[in-house]
Asks: 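Once you've had a glance at the structure underneath, I'll fire off some questions.
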Amino acid sequence: MLTSTDAHQELRDAVRALCAEFPAEYHRKVDAERGYPEAFVDALTKAGWLAALIPEEYGGSGLGLTEASIVMEEINRSGGNSGACHGQMYNMGTLLRHGSAEQKARYLPRIASGELRLQSMGVTEPTTGTDTTKIRTTAVRKGDRYVVNGQKVWISRIQHSELMILLARTTPLAEVKKKSEGMSIFLVDLRDAIGNGMTVRPIENMVNHETNEIFFDNLEIPAENLIGEEGRGFKYILDGLNAERTLIAAECIGDGHWFIDKVVPYVKERQVFGRPIGQNQGVQFPIAESYIEIEAADLMRFEACRLFDANQPCGAQANMAKYLAAKASWEAANACLQFHGGFGFAHEYDVERKFRETRLYQVAPISTNLILSYVAEHILGLPRSF
C-alpha cells in the first residue's frame, strides 16, 4: 500500500529540486536584510507551483489542496518560508469558488502566469481580532461604486501584491438577523487604491514577515469588484480560512521535519563527556516525541485535504490539523535549539531563523486557544465560552 509520501513522491522531488536552487545562504541573506525572497517566489510562479489550485482552463495546474499543501510543506522542509507566498494559494480560492465567470476569466489567467499577485487578504482589525463578525470597516454602495472606510491590521504581502481580498460590512450589525450576515467580499486593485483612499503602514516584527496596518478613508471600489452576493462574505471567507489552516498545518509539518533533519545528525556527532549527546535519553526522547507528533499531524492534514477536495465540510479537521502541526513543529524547534546549545543562536546554523518563523503559528492565523474553543463547542457540544 502506498503511503501519502509515496503517492506524491514525484511532486515532492520536483519542488525539492527547485528549492535546492535557493540554499540556506539565500534565505539567511533575505532574513538578515529584512527583504522579500523575490527571486524564489518568481521561480515558484514560473514553475507553476503557486497556480496549483487554479484550473487548467485558466492556465493553472488544476490540482487539489492535497497537492498544494505538499508544495508548501516542501518549501519549509527545504529551509524556506512559505509565508512569503502562501497567500496566493488560499486567497485565490475565494475568487475561484465565488467569483463570477467574468471575474475568473479576467484575473485567474494573469494570476496563474504571475502577471498579477493575489497575496493579501484584509480581514483582521485592531479592535476585533478573531471576532470577525464585529468588524467595523464599512463599504457603502453609491451608484456604481462602494465607498470603504475603516482599518485593518496584520495584512501581509501588500508591497508584493497587485490584488487584495477585502472583507467589509455592507449592512450594519444592528440591522442583520444573524451577526454573520451583512458582510461582503471585494477584490481590491492595490495599484489604484494605495494613495487614493488607502494608506499602508508597515509593522516591523520578530519574523521577517512583511505585514502591515492599513487605513481606508473613502476608498472607492467599482461595484463590479464585489465577489459573489452582497452580504454573504462571511460564508465565502470560511472556505478560504479552512484552506489556509490546512496549508499552515502542512508548512508546520515541513518545519517540523526540517528541525528533526537538522538536530538528529548534530546530536549523533556532538561529543560531550566522551560520548555523543544523542546517546542520552534526555536528548533522544524530546526528539522522538516531536517526530511522533509530526507524523500524527500529517495524517490529520491529509484528512482535511481529502475532505476539502471532495467539497465536504472540513472545519474540524482543518482546525485540528493546524493545532497538531503547530504544536509539533514548535516542540521540534525547541528540541533543535536546545540541543544545538549556543550554536542554535548563531545565524549560520539557521536554527534561530526557523525557530522564529515556526513560533508564529501558535498565534496566527488562529491561536491554539481558539481552536480548543472551537473543538469544545462545535465538536463536543460544550457551552460556548465567549
Side-chain angles (χ1 to χ4, degrees), residues 83 87 90-91 94 119-141 146-159 161 164-188 190 193-207 209-221 226-227 230-242 244-245 248 315 319 322 359-374 376-378 384-386:
Y90 52 82
N91 291 337
T94 303
Q119 292 278 9
S120 290
M121 178 171 63
V123 175
T124 306
E125 298 185 2
T127 58
T128 58
T130 312
D131 194 1
T132 306
T133 60
K134 302 289 180 57
I135 62 170
R136 298 181 182 180
T137 298
T138 59
V140 179
R141 180 75 181 255
Y146 283 87
V147 179
V148 180
N149 285 281
Q151 180 182 359
K152 299 288 182 179
V153 72
W154 307 119
I155 311 306
S156 301
R157 298 169 296 276
I158 287 177
Q159 285 92 334
S161 297
M164 177 179 73
I165 297 290
L166 174 67
L167 181 69
R169 271 220 165 268
T170 44
T171 303
L173 183 60
E175 297 179 16
V176 296
K177 294 181 180 179
K178 299 173 67 174
K179 62 182 182 179
S180 60
E181 297 175 347
M183 290 175 282
S184 301
I185 291 286
F186 300 90
L187 191 63
V188 178
L190 295 170
I194 296 174
N196 295 298
M198 177 177 167
T199 303
V200 179
R201 185 180 72 82
I203 300 173
E204 294 185 3
N205 60 88
M206 184 176 78
V207 186
H209 184 81
E210 185 254 288
T211 192
N212 311 271
E213 189 171 19
I214 57 178
F215 304 86
F216 302 106
D217 184 10
N218 293 322
L219 171 67
E220 295 187 359
I221 302 175
L226 173 71
I227 296 179
E230 184 178 294
R232 301 192 68 193
F234 184 75
K235 178 181 181 298
Y236 298 156
I237 211 76
L238 289 180
D239 280 343
L241 294 179
N242 285 333
E244 177 189 41
R245 289 165 192 176
I248 294 296
N319 276 285
K322 193 271 179 183
R359 179 62 178 86
L360 172 65
Y361 298 121
Q362 291 292 309
V363 175
I366 183 172
S367 77
T368 52
N369 285 343
L370 281 169
I371 292 177
L372 293 173
S373 294
Y374 175 93
E377 178 188 353
H378 294 283
R384 186 180 178 89
S385 61
F386 56 88

Asks: Is there a donor-acceptor pair under 3.5 Å between the side chain of R157 and the backbone N or O of Q119?
Replies: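 Checking the backbone N and O of Q119 against the side chain of R157, a donor-acceptor pair under 3.5 Å is found.
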Asks: Looking at every heavy atom in both K177 and E181, which two are closest together, and how far apart are they?
Replies: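 Shortest heavy-atom contact: N-OE1, 3.6 Å.
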Asks: Are the side chains of L173 and K134 in touch, meaning some heavy atoms are under 4.5 Å apart?
Replies: yes
Asks: May I ask you to check whether N212 and E210 show a side-chain donor-acceptor distance below 3.5 Å?
Replies: yes
Asks: Could you go step by step and tell me if M183 and I237 meet the side chain to side chain contact (heavy atoms under 4.5 Å, CB included) rule?
Replies: CA-CA 10 Å; M183 290 175 282; I237 211 76; over 6 Å; no
Asks: Could you check V188 against F216 for side chain to side chain contact (heavy atoms under 4.5 Å, CB included), going step by step and ending with a plain yes or no?
Replies: CA-CA 12 Å; V188 178; F216 302 106; 5.8 Å; no
Asks: Do R169 and T137 come close enough that some side-chain heavy atom pair is under 4.5 Å?
Replies: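 Contact flag for R169/T137 side chains = no.
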Asks: Testing the basics here: between I155 and S120, what is the closest heavy-atom pair and its distance to 0.1 Å?
Replies: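 The answer is CG2-CB, 4.5 Å.
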Asks: Judged by atom type as modelled, is there a donor-acceptor pair below 3.5 Å linking the side chain of N205 to the main-chain atoms of H209?
Replies: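 Side chain of N205 to backbone of H209: a pair is present.
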Asks: Is any side-chain heavy atom of R201 less than 4.5 Å from a side-chain heavy atom of I214?
Replies: no
Asks: Please check if the side chain of T211 supplies one atom and the backbone of I203 the other of a donor-acceptor pair under 3.5 Å.
Replies: no
Asks: Got a second to check how far K235's NZ is from I185's CD1, nearest 0.5 Å?
Replies: 12.0 Å
Asks: Does a side-chain heavy-atom distance below 4.5 Å link L370 with F386?
Replies: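 Yes, close enough: below the 4.5 Å cut-off.
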Asks: Find out whether M121 and Y90 are in side-chain contact, i.e. whether some heavy atom of one side chain is under 4.5 Å from a heavy atom of the other.
Replies: yes
Asks: Any chance you could lay out the side chain to side chain contact (heavy atoms under 4.5 Å, CB included) test for L190 and I158, step after step, and finish with the verdict?
Replies: CA-CA 8 Å; L190 295 170; I158 287 177; 4.1 Å; yes
Asks: Calculate, to the nearest 0.5 Å, the distance between atoms CG and CD1 belonging to L166 and I227 respectively.
Replies: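 It is 10.0 Å, given to the nearest 0.5 Å.
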Asks: Could you state the interatomic distance from CG (L372) to CD (E377), rounded to the nearest 0.5 Å?
Replies: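 Here the interatomic distance stands at 13.0 Å.
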Asks: To the nearest 0.5 Å, what is the distance between CG (L238) and CD (E244)?
Replies: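 So the CG of L238 and the CD of E244 are separated by 11.5 Å.
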Asks: Spell out, as yes or no, whether a donor-acceptor pair under 3.5 Å connects the side chain of T133 to the backbone of S180.
Replies: no
Asks: Looking only at atom types and distance, does a side-chain atom of K152 sit under 3.5 Å from a main-chain N or O of V123, one as donor and one as acceptor?
Replies: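 Flag set: sc K152 to bb V123 pair under 3.5 Å.
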Asks: For G195, does its backbone N or O pair with a side-chain atom of T199 as donor and acceptor, under 3.5 Å?
Replies: no
Asks: Test Q151 against every option in E213, R136, E125 by the side-chain hydrogen bond (donor to acceptor under 3.5 Å, both in side chains) rule and name the one that passes.
Replies: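 Option passing the side-chain hydrogen bond (donor to acceptor under 3.5 Å, both in side chains) with Q151: E213.
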Asks: Quick check: closest heavy atoms across N242 and G315, and the distance to 0.1 Å?
Replies: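 Shortest heavy-atom contact: OD1-CA, 3.5 Å.
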Asks: Do K322 side-chain atoms and Y361 backbone N/O form a donor-acceptor pair below 3.5 Å?
Replies: yes
Asks: If you measure from CG on N218 to CG on N196, what distance do you get to the nearest 0.5 Å?
Replies: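 Going from CG on N218 over to CG on N196, the span is 12.0 Å.
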Asks: Can you measure from CZ (F186) to CG (L167) and round to the nearest 0.5 angstrom?
Replies: 9.0 Å
Asks: Whether R232 engages the ring of F234 as a cation-pi pair (distance to the six-membered ring centre under 6.0 angstrom, angle to the ring normal within 45°) should be assessed.
Replies: no
Asks: Closest heavy-atom contact between S184 and G231?
Replies: OG-N, 2.8 Å
Asks: Treating D217 as the side-chain partner and F215 as the backbone partner, does any N or O pair qualify as donor plus acceptor under 3.5 Å?
Replies: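 No: the side chain of D217 does not pair with the backbone of F215.
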Asks: Is any side-chain heavy atom of V140 closer than 4.5 Å to one of Y146?
Replies: no
Asks: With side chain to side chain contact (heavy atoms under 4.5 Å, CB included) as the test, would you mind laying out the steps for S367 and T130 before giving the verdict?
Replies: CA-CA 9 Å; S367 77; T130 312; 5.9 Å; no
Asks: Are L219 and N149 side-chain neighbours, meaning at least one heavy-atom pair lies under 4.5 Å?
Replies: no
